[in-house]
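Note that these values count all heavy atoms, side chains included, but never hydrogens, waters or copies made by symmetry. The structure displayed is predicted, hence computed values, not measured ones.
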Amino acid sequence: MNQISDKQSTTRLVILALFCCLLWGSAPVLIKLGYEAFSIHETPSILLFAGFRFILAGVFVLLFFISKKKNRDQLHFTGETSEAIIWLALFQTFGQYFFYYIGVSNSTGVSASILSGASCFFALVLASCIYQIEKMSAVKVISCILGFLGILVMNLNGFQFSFSFQGEGMLLLSQICSAESAVLIKLFSKKENTVFLSGAQFLLGGLMLSALGWVMGGSLIFSKTGLFILLALSFVSAGAYTIWGILLSHYPVSQVGIFTCTIPLFGVLFSILVLHEFDAVNIQTLFSLILIVSGIILLNRPTRSKKQKGT
């Protein structure tokens, strides 16, 4: 199935994509709690922490994969498989999070939240203009704009947006890596098992992040609470990225990518529930939700004709 063609398919996409974004929305809260539990205050230790998170995520996904004999029998590890794992590890795990953590440490939370909406734009441009695996359309552009405006409105509370290469520039590079990884998953899943690729790239990317963090002098102070949070984050990554990869293998990149605009909204929800930041709820949040949902509905409306299949 390469294209949404009926109500059941659309419903499946919406439920699974929103579930992934809900998991990702919980990550910032868990990361914040993890920093406190591990006494993390500098970038090298952050990279080490992130590396351990993705190593565990990779182990979980690979254990799930090999637990099914059918998967083991169908797996054919080739040179192309190794190449796919390396490229995904470089963009999806190492590149995306290396740039992200450096960018966050040199910019405001508002900037990070707003720029997170750039991923759907980059994914659309890469998929349609560079790799040409789907067609650009006005509907796709308008949907991405609505999603981005939703994130922008949610953060329009007297903020002043500035730009620096070490801050916002790094965040943009992170989103480019995220978009590139989405397109690569779409391409590699035509020949490779998506679940295996997800687990293997997590493991490799996590090792790369951990090694860099360790070389830079990072260290962690372990505790029972910290280990629990680390396991929770690993499950979040393992579940969300694996499901996301499966969705990308079945649906156009743009139709899946638009859902990433909901991640900040879920982040607000978890901030309220866990951190009790009730001031995050206001009329802007509601208007933001309306814009983002409008973009998702527009791009995934069930009236798309079958003759558009494959776009």
Side-chain angles (χ1 to χ4, degrees), residues 1-4 9-10 12-25 27 88 91-93 95-97 99-100 112-152 171-190 194 197-198 237 240-267 288-289 291-301 304 308 310-311:
M1 176 176 55
N2 293 318
Q3 178 67 32
I4 296 175
S9 180
T10 303
R12 186 185 306 117
L13 169 63
V14 171
I15 292 174
L16 292 177
L18 287 178
F19 177 68
C20 290
C21 293
L22 183 147
L23 291 177
W24 283 322
L88 283 175
F91 284 100
Q92 184 170 326
T93 298
Q96 180 181 177
Y97 286 95
F99 291 129
Y100 178 79
S113 181
I114 292 174
L115 291 175
S116 68
S119 178
C120 64
F121 282 109
F122 290 136
L124 176 59
V125 171
L126 288 172
S128 59
C129 301
I130 307 300
Y131 291 93
Q132 299 181 348
I133 56 178
E134 63 176 275
K135 295 180 181 179
M136 180 75 77
S137 71
V139 169
K140 293 177 181 179
V141 173
I142 294 172
S143 297
C144 288
I145 291 175
L146 286 172
F148 182 77
L149 286 176
I151 297 175
L152 186 63
L171 289 172
L172 282 176
L173 288 175
S174 171
Q175 294 309 303
I176 291 174
C177 286
S178 175
E180 176 68 16
S181 69
V183 175
L184 290 178
I185 290 172
K186 181 72 175 178
L187 295 172
F188 293 146
S189 63
K190 295 178 180 179
T194 306
L197 287 181
S198 178
S237 297
Y241 275 109
T242 300
I243 296 173
W244 197 256
I246 294 173
L247 290 176
L248 286 168
S249 69
H250 288 83
Y251 298 89
V253 173
S254 58
Q255 287 182 277
V256 180
I258 187 66
F259 286 91
T260 59
C261 293
T262 66
I263 295 176
L265 290 174
F266 284 119
S288 172
L289 176 62
L291 286 170
I292 292 172
V293 170
S294 298
I296 291 174
I297 292 176
L298 178 62
L299 190 53
N300 293 280
R301 66 198 190 285
R304 297 172 69 88
Q308 286 182 307
T311 58

Worksheet item: Please walk me through it: do Y131 and E180 pass side-chain hydrogen bond (donor to acceptor under 3.5 Å, both in side chains)?
Response: CA-CA 10 Å; Y131 291 93; E180 176 68 16; 2.4 Å; yes

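Annotation: side-chain contact (heavy atoms from CB on, under 4.5 Å) contacts of L248 (sequence neighbours excluded): A182, I185, W244, V253, V256. With sequence neighbours left out, C177 forms a side-chain contact (heavy atoms from CB on, under 4.5 Å) with F91, Q96, F99. With sequence neighbours left out, S237 forms a side-chain contact (heavy atoms from CB on, under 4.5 Å) with R53, F54, A57, F202, Y241. Residues forming a side-chain contact (heavy atoms from CB on, under 4.5 Å) with F19 (at least two apart in sequence, or on another chain): L23, I243. With sequence neighbours excluded, the residues satisfying side-chain hydrogen bond (donor to acceptor under 3.5 Å, both in side chains) with T242 are S198. Not a single ring pair (Phe, Tyr, Trp, His ring centres under 6.0 Å) links F188 to another residue, sequence neighbours left out.
Between the CG atom in L172 and the CZ atom in F122 there is a gap of 5.0 Å [rounded to 0.5 Å]. To the nearest 0.5 Å, the span separating CD1 on I258 from CG on L13 amounts to 11.5 Å. Atoms SG and CD1, on C21 and I292 in that order, are 10.0 Å from each other to the nearest 0.5 Å. Residue Q175 holds its CD atom at 7.5 Å from OG1 of T260, rounded to the nearest 0.5 Å. From L124, atom CG reaches atom NZ of K135 across 14.0 Å, with rounding to the nearest 0.5 Å. Between L184 atom CG and L126 atom CG the span is 9.0 Å, to the nearest 0.5 Å.
Using a 4.0 Å cut-off between charged side-chain N and carboxylate O, K140 and E134 make a salt bridge.
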Only distances under 3.5 Å count here; give the side-chain donor-acceptor pairs of residues 143-152 to other protein atoms, sequence neighbours excluded, each with its distance to 0.1 Å.
{"from": "S143", "atom 1": "OG", "to": "V139", "atom 2": "O", "distance (Å)": "2.8"}
{"from": "S143", "atom 1": "OG", "to": "G295", "atom 2": "O", "distance (Å)": "3.3"}
{"from": "S143", "atom 1": "OG", "to": "L299", "atom 2": "N", "distance (Å)": "3.4"}

